[in-house]
Amino acid sequence: MSREPITIANRQIKPGERVAVDVELPKLSSQTDIKMPVHVIHGRREGPVLFISATLHGDELNGVEIVRRVLATKALSGLRGTLIAVPVVNTYGLVQMSRYLPDGRDLNRSFPGSGRGSLAARLANVFLEEIVSKCSHGIDLHTGSRHRTNLPQIRASLTGDETRELAMSFGVPVVLNAPEREGSLRASASEMGITTLLYEAGEALRYDTVAIRAGVAGILNIMRKLGMLSGTSKRKPIQNTPYVASSSSWIRAPESGLLVSSTRLGASVEEGQVLGTIHDPGIGEQCAVTARHAGLVVGNLQLPLVHEGDALFHIARFDDESDSIIDSLEEFRDRFS
Ligand SMILES: [Zn+2]
């Protein structure tokens with residue numbers, strides 16, 4: 001029995017078809033048309049329907065390149081199920097090099113949205129209706145916010161068995177158990193019964209080679225795990241079990257000034273360890289920034305200029321401390337750089 005067609009943006013896509021369609025969005029004030037580009041590969045054979053979304057935050061670009069590379073993968077010709085890839089969800093933010101929408105709202109705090117709400121609420125609603133509601137699984141691609149970079153990591157609510165299994169299969173060494181945030185795509189998708197992972201890697205407004213390569217490999221790993229692609233990865237897994245962080249917190253600047261960092265992304269730190277020093281360029285005073293608890297640096301600020309209260313180092317806590325995470329991170333870096 002052949003599969004049913006799928007309809008996106010009023011376009012009916014038959015099994016075996018691969019198309020790019022545009023979802024119309026509200027215009028700019030200048031009357032410039034704004035569209036959300038959507039790539040659909042509707043396989044002939046039954047299988048999961050997976051969405052990959054990037055750039056919900058308009059300045060987070062790694063995901064655009066990850067989607068481009070995934071779509072160029074030859075193995076997709078034998079796809080089981082359906083892949084719906086949206087490289088730029090927040091086109092408004094992209095053209096303004098901004099995380100936000102022109103109305104100042106954060107799209108990833110505006111779900112599920114509504115067709116009669118703010119611009120952000122309307123975009124969230126269109127994305128849920130046109131894309132997410134037709135899917136069984138999803139992967140949402142993010143980077144750190146501006147001037148902040150993230151160690152490649154999966155964030156997911158690990159309470160569900162399938163979510164946990166997929167999070168552990170992506171192929172990055174760190175998985176952060178992160179409850180869904182109200183208003184996020186992940187929260188709305190999971191309410192709709194759609195298993196969703198969030199991949200965080202790199203920095204806003206930058207392409208990061210390791211983040212991009214690991215993201216592409218991770219998506220293909222998930223598609224194999226779901227039975228959408230056949231075969232196994234040519235590469236052996238870095239390690240069978242990634243390190244699961246039970247929680248994480250940001251160390252904030254105790255003073256304003258210029259930060260000289262003495263730790264790096266992926267470093268393992270002890271409680272009380274000095275992570276950096278904030279210098280006052282006027283009278284030359286300095287103030288140490290210390291770790292409140294032991295853990296792994298999974299995100300940090302790249303810009304030396306800081307105000308008191310700015311988030312500087314994101315430290316993930318692990319249930320079982322292990323030195324081997326450092327080896328596994330080194331192997332990961334070597335593989336994808
Ligand atoms: Zn983001």
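All values below come from the heavy atoms of this structure, side chains included, with hydrogens, waters and symmetry mates left out. Counting starts at 1 for both ligands and their atoms, following the listed order.
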Q. Quick one: CE on Met223 to CD1 on Ile139, what's the gap to the nearest 0.5 Å?
A. 8.0 Å

**Q.** Summary of side-chain hydrogen bond (donor to acceptor under 3.5 Å, both in side chains) pairs that have at least one residue in residues 250-263, sequence neighbours excluded
**A.** none

Q. So does Arg181 have more than 12 non-hydrogen atoms from other groups sitting under 6.0 Å from CZ?
A. no

Q) Which pairs with one or both residues in residues 265-297 pass ring pair (Phe, Tyr, Trp, His ring centres under 6.0 Å), sequence neighbours excluded? A) none

Q: Provide the protein N, O or S atoms situated under 2.8 Å from the Zn ion (ligand 1); waters are not included.
A: His57 ND1, Glu60 OE1, Glu60 OE2, His142 ND1

For residues 164-180, dump all side-chain donor-acceptor pairs below 3.5 Å to protein atoms at least two apart in sequence or in another chain.
from: Glu165; atom 1: OE2; to: Lys225; atom 2: NZ; distance (Å): 3.3
from: Ser169; atom 1: OG; to: Glu165; atom 2: O; distance (Å): 2.6
from: Asn177; atom 1: OD1; to: Leu158; atom 2: N; distance (Å): 3.0
from: Glu180; atom 1: OE1; to: Ser190; atom 2: OG; distance (Å): 3.1
from: Glu180; atom 1: OE2; to: Ser190; atom 2: OG; distance (Å): 3.2

Q. Is the closest side-chain heavy-atom distance between Arg206 and Leu61 below 4.5 Å?
A. no

